[in-house]
Amino acid sequence: MGGGGRATGTHAKHEYRPVYQTSLVDPAVFWSSAATAIDWEVAPTQIVDTMARPVTRWFPDARLNTSFNALDRHVHGDTAIEEGGANRPALIYDSAMTGARGVFTYAELLEEVSRFAGAMARLGVTKGDRVIIYLPMIPEAVIAMLACARIGAVHSVVFGGFAAPELAARIDDAEPVLIVTASGGLEPGRRVDYPPIVLHALDLAESVAPRNVIVKQRAQFPTIHFPAPQAATESLPSSAQTVAAQWLDWEDAVRDAPLADPVPVDATDPLYILYTSGTTGKPKGVVRDNGGHAVALAWSMRNIYDVGPGQVMWAASDVGWVVGHSYIVYAPLLVGATTLLYEGKPVGTPDAGAYWRVVAEHKVRVLFTAPTALRAIRKADPDAALAHDYDLSSLRALFCAGERLDPATYEWATDVLLADRPDCPVVDHWWQTETGWPICANLLGLQQLPIKAGSASVPVPGFRLRVLDAEGNPVAPGTEGNIVIGLPMPPGTLTGLWRDEDRFVRSYMSAFPGHYLTGDSGYFDDDGYLFVLGRSDDVINMAGHRLSAGSIEAAIAGHYAIAECAVIGLPDELKGQRPIAYVVLKSGVEIDPAQLRDELIARVREQIGTIATLNDAVVVTALPKTRSGKILRKTIRQITAGDAYEIPSTIEDPSVLDALQRQIADAKLPHLPESSGQA
Ligand code: COA
Ligand code: AMP
């Protein structure tokens, strides 16, 4: 069985089907074997407790420390994975924005993490406390996350592209005792100052303020003079005093701090909360445990990515997303591999060869990126001439996720980009913040299956996948339906939503009892390959990032001219989707449509963040609604896409549809089919 153990890159590869079958028939045997890859403080005697359904508790009587597994055991004596573990590179840092490069060995990273953990403990942060990490792609982000894990604190990383109201919503929900931030992030052509955003968020937040804010100062930003620890806060901007948090410079915080030992926690204790967009404006706090997470990620490194000790994995994402949590920070370190933290873009920093420079320079074995990044590179360098200038011989696989790898991009990647590398597969794999690791993939640590363009291949062991119709009946191969996962879900998947069990059950577990609802729709083909076609709910996927239509609508609804609005995702050649708003004006309001559009775009950027740029706002006379007042977004989506649609039986006023169809046609939205029809 493809269970526990360490990757060598040369191990005999098992066949996929028997491994998958074993994982479903006897999950306890399967995952107890996988659990041998982890060093436990108290080893599990019980593998799975399904009595707590719909939650599944993995390794309920075991104890461990995730940072010990990611660092100490690769460094110290008996438990070091192999000779030289301490001096092996753990983290490579490469910034295309500043030109900085750096390497932390396992011993160095352990020291940094232990020191920051000691600094946090000295400030009173303790097991179970929440710590919000709002940092750009600098090594301190990895250090802060692992330091939280070391003392049993629960981190919640917030992506740097989110604006103050989104940060405030997370502060209110997680109630952190500490926020760790930096002087700012670097975007092409501009600096993003974080402290004003944190101050604004603290002003907006209604919960009790955190005790401390630690700021990592960067050379590219003006120095901020913080008061010495424990001193008064006169030199801070005035609003800082109203929120009662003491602000500290990172260097002051760590100076003379003791090195903290790892604190053993229950396998079922939370490691982190990661907020993701739901269908409403309020983000969902996905909770990840310690034990199941460590076991699943270690298993995935060997069996999905085929990466082991000493090999370099580069997930070109951001630590603010789940891909960053799992495959920049935790998984590579859990197996003693080398991870790469890249600050930069696929294009423009300085050119479309940036990724290939990094691969060649750091001998990357596996690159994991979003199809949007490949499309951006292709647009700038259609013949992949820049890529061909670099030695990509270290690359064994290119994995994609975040959105569907469309066949055209897949074909470009295989036939143009990697034309001379038939031994380097391009693998689409499908997953979500909630699952924490891939649900479907072509598992390269097992015997590789044929690749089918447009498909994320087959279910990963542990995931009992089904496609159901609206009534909950399985559909035949080739028929589209709701993709669900039969319970119990495997280790590493979410254990709940932070302090909101009702929403957890409502969002994921109640539509099809006994199953987790992924929110994606798609179909299996006759060979058992899954084709994920898109979301079946109101989540928009832009550049591999998840945005909630509801939160964009909330931002727009606050504009004085707007009576009501509906936001949907419009297909986009580069970013997969982009949000468009249909707005109804309040009666008597007159406003120039171009001015309105600009104001709404600005509002959405201010309220959600720069990553949520609205592409257009179209004024319409009315929106189709049900008799109970619910906006019929699906019908609006169908009309926008020019698809055939049925008039919903619940509609309040069917005549609205004809008018809407006309107004959408008049708006001449780009990239839309010319004809639209009605079934
Ligand atoms: N902090 C602050 N702002 C950020 C940010 C961050 N961490 N990340 C992005 N932004 C800003 C950008 O500067 C941009 O601002 P602008 O509209 O003022 O120029 C805006 O958010 C949109 O960013 P992005 O979606 O990244 O678009 P882009 O045009 O700058 O770049 C791509 C296009 C294709 C290069 C980029 O979308 C990309 O790299 N996509 C891949 C995404 C990815 O890896 N996802 C991981 C999912 S697994
Ligand atoms: P996130 O939680 O932000 O990672 O977004 C998860 C969502 O992105 C999924 O529910 C899908 O809609 C989409 N997604 C991610 N990977 C893929 C993929 N390989 N194919 C199709 N959709 C994907």
Side-chain angles (χ1 to χ4, degrees), residues 97 134-137 141 158-163 184-194 197 274-278 284 286 315-328 342-349 352 354-355 368-380 399-406 410 427-441 454-457 483 494 517-522 530-537 539-548 569 572 574-578 601-602 605 608-614:
M97 308 306 296
Y134 185 62
L135 284 171
M137 290 288 281
V158 179
F159 174 61
F162 279 126
L186 300 168
E187 287 295 300
R190 72 186 167 105
R191 291 193 313 229
V192 183
D193 291 296
Y194 286 8
I197 299 174
L274 178 57
Y275 288 87
T276 187
S277 301
K284 295 174 177 171
V286 167
S317 177
D318 187 288
V319 287
W321 306 119
V322 67
V323 172
H325 280 59
S326 295
Y327 294 104
I328 297 176
Y342 170 74
E343 184 184 38
K345 305 274 175 184
V347 292
T349 59
Y355 273 23
F368 176 161
T369 189
T372 296
L374 293 184
R375 287 195 294 269
I377 294 170
R378 177 189 183 187
K379 197 169 162 202
F399 277 86
C400 283
E403 58 188 305
R404 177 173 184 241
L405 176 58
D406 56 286
Y410 168 78
V427 180
D428 185 13
H429 64 329
W430 166 61
W431 52 303
Q432 311 185 308
T433 303
E434 290 85 343
T435 63
W437 63 295
I439 314 166
C440 268
S455 169
S457 295
I483 312 176
L494 82 171
L517 180 71
T518 65
D520 281 313
S521 71
L530 188 73
F531 289 73
V532 182
L533 299 176
R535 298 288 305 189
S536 50
D537 56 16
V539 168
I540 296 170
N541 190 320
M542 182 168 163
H545 307 140
R546 216 158 120 175
L547 298 173
S548 141
D572 182 74
L574 178 66
K575 297 192 180 184
Q577 285 189 310
R578 61 204 160 103
I601 289 173
R605 285 168 70 95
I608 299 171
T610 41
I611 45 155
T613 300
L614 192 64

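As the structure lists them, so they are numbered: ligands from 1, and atoms in each ligand from 1.
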**Q** Does ligand 2 have any atom sitting under 4.0 Å from a heavy atom of Gly519?
**A**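 No, Gly519 has no heavy atom closer than 4.0 Å to ligand 2.
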**Q** Using heavy atoms and a threshold below 4.0 Å, how should the contact between His545 and ligand 1 be classified: side chain, backbone, both, or neither?
**A**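 The side chain, only.
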**Q** Select one of side chain, backbone, both or neither to describe which atoms of Ala543 lie under 4.0 Å from any atom of ligand 1, heavy atoms only.
**A**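 Both of them.
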**Q** Could you tell me which atoms of ligand 2, counted from 1 in the order shown, lie closer than 4.0 angstrom to a heavy atom of Thr433?
**A**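 Checking each atom against Thr433, I get 1 (P), 2 (O), 3 (O), 4 (O).
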**Q** Nearest protein heavy-atom contact for atom 43 (C) of ligand 1: which residue, which atom, what distance?
**A**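 Scanning the protein heavy atoms, the shortest distance from atom 43 (C) of ligand 1 goes to Ala370 CB, 3.7 Å.
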**Q** Using a 4.5 Å cut-off on heavy atoms from C-beta on, say whether the side chain of Trp430 contacts that of Ser457.
**A**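 They are not in side-chain contact.
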**Q** Indicate, as side chain, backbone, both or neither, the part of Arg190 found under 4.0 angstrom from ligand 1 when only non-hydrogen atoms are considered.
**A**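 The part of Arg190 near ligand 1 is the side chain, not the backbone.
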**Q** Is the shortest N/O to N/O distance between Asp520 and ligand 2 below 3.5 Å?
**A**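 Between Asp520 and ligand 2 (N or O atoms, distance only) the closest approach is under 3.5 Å.
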**Q** Would you say Phe159 touches ligand 1, if touching means a heavy atom closer than 4.0 Å?
**A**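 Phe159 counts as a contact of ligand 1 under the 4.0 Å cut-off.
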**Q** I need the contact type for Thr610 against ligand 1. Using non-hydrogen atoms and a strict under-4.0 Å cut-off, is it side chain, backbone, both or neither?
**A**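 Looking at Thr610 and ligand 1, atoms from backbone and side chain both fall under 4.0 Å.
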**Q** Does Pro346 approach ligand 1 within less than 4.0 angstrom via side chain, backbone, both or neither, non-hydrogen atoms only?
**A**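 The side chain, only.
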**Q** Using a strict 4.0 Å cut-off to heavy atoms of Val532, name the atoms of ligand 2 that fall inside it.
**A**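 Counting atoms of ligand 2 from 1, those under 4.0 Å from Val532 are 21 (C), 22 (N).
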**Q** Report the part of Glu403 in contact with ligand 2, treating N, CA, C, O as backbone and CB onward as side chain, heavy atoms under 4.0 Å; options are side chain, backbone, both, neither.
**A**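 It is the backbone that touches ligand 2; the side chain stays farther off.
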**Q** Of all the heavy atoms in Ser317, does at least one lie under 4.0 Å from an atom in ligand 1?
**A**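 Judged by the 4.0 Å heavy-atom criterion, Ser317 does count as contacting ligand 1.
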**Q** Would one find an N or O of Arg546, backbone or side chain, under 3.5 Å from an N or O of ligand 2?
**A**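 Yes, Arg546 has an N/O under 3.5 Å of an N/O on ligand 2.
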**Q** Among all protein heavy atoms in this structure, tell me which lies nearest to atom 33 (C) of ligand 1, with the distance rounded to 0.1 Å.
**A**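 Ranked first by proximity to atom 33 (C) of ligand 1 is Lys575 CE, 4.1 Å.
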**Q** How does Asn541 reach ligand 2, if at all, at less than 4.0 Å between non-hydrogen atoms: by side chain, backbone, both, or neither?
**A**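 It is the side chain that touches ligand 2; the backbone stays farther off.
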**Q** Check the orientation of Phe368 and Phe399. Use parallel for under 30°, tilted for 30 to 60°, and perpendicular for over 60°.
**A**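 Rings of Phe368 and Phe399: tilted, 30 to 60°.
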**Q** Ligand 1 and Thr369, any nitrogen or oxygen pair closer than 3.5 angstrom?
**A**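 N/O-N/O distance under 3.5 Å: no.
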**Q** Pairs of nitrogen or oxygen atoms closer than 3.5 Å, one from Leu405 and one from ligand 2: do any exist?
**A**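 Not met; the criterion fails.
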**Q** Tell me if the centroids of the rings in Trp321 and Tyr327 come within less than 6.0 Å of each other.
**A**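 No: the rings miss the under 6.0 Å criterion.
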**Q** Below 4.0 angstrom from a heavy atom of Asp428, which ligand 2 atoms are there? Numbered from 1 as shown, please.
**A**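 This gives 18 (C), 19 (N) as the contact atoms.
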**Q** Quick one: look at Arg605 and ligand 1, take heavy-atom pairs under 4.0 Å, and tell me if it's side chain, backbone, both or neither.
**A**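 The answer is the side chain.
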**Q** So if I count the atoms of ligand 2 from 1 in the order they appear, which ones are less than 4.0 Å from some heavy atom of Trp431?
**A**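 Near Trp431, meaning under 4.0 Å from one of its heavy atoms, ligand 2 has 6 (C), 9 (C), 15 (C), 16 (N).
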**Q** Which of the atoms of ligand 2 are close to Arg535, meaning less than 4.0 Å from one of its heavy atoms?
**A**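 Near Arg535, meaning under 4.0 Å from one of its heavy atoms, ligand 2 has 9 (C), 10 (O), 12 (O).
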**Q** Nearest protein heavy-atom contact for atom 26 (O) of ligand 1: which residue, which atom, what distance?
**A**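 Answer for atom 26 (O) of ligand 1: Lys345 NZ, 3.6 Å.
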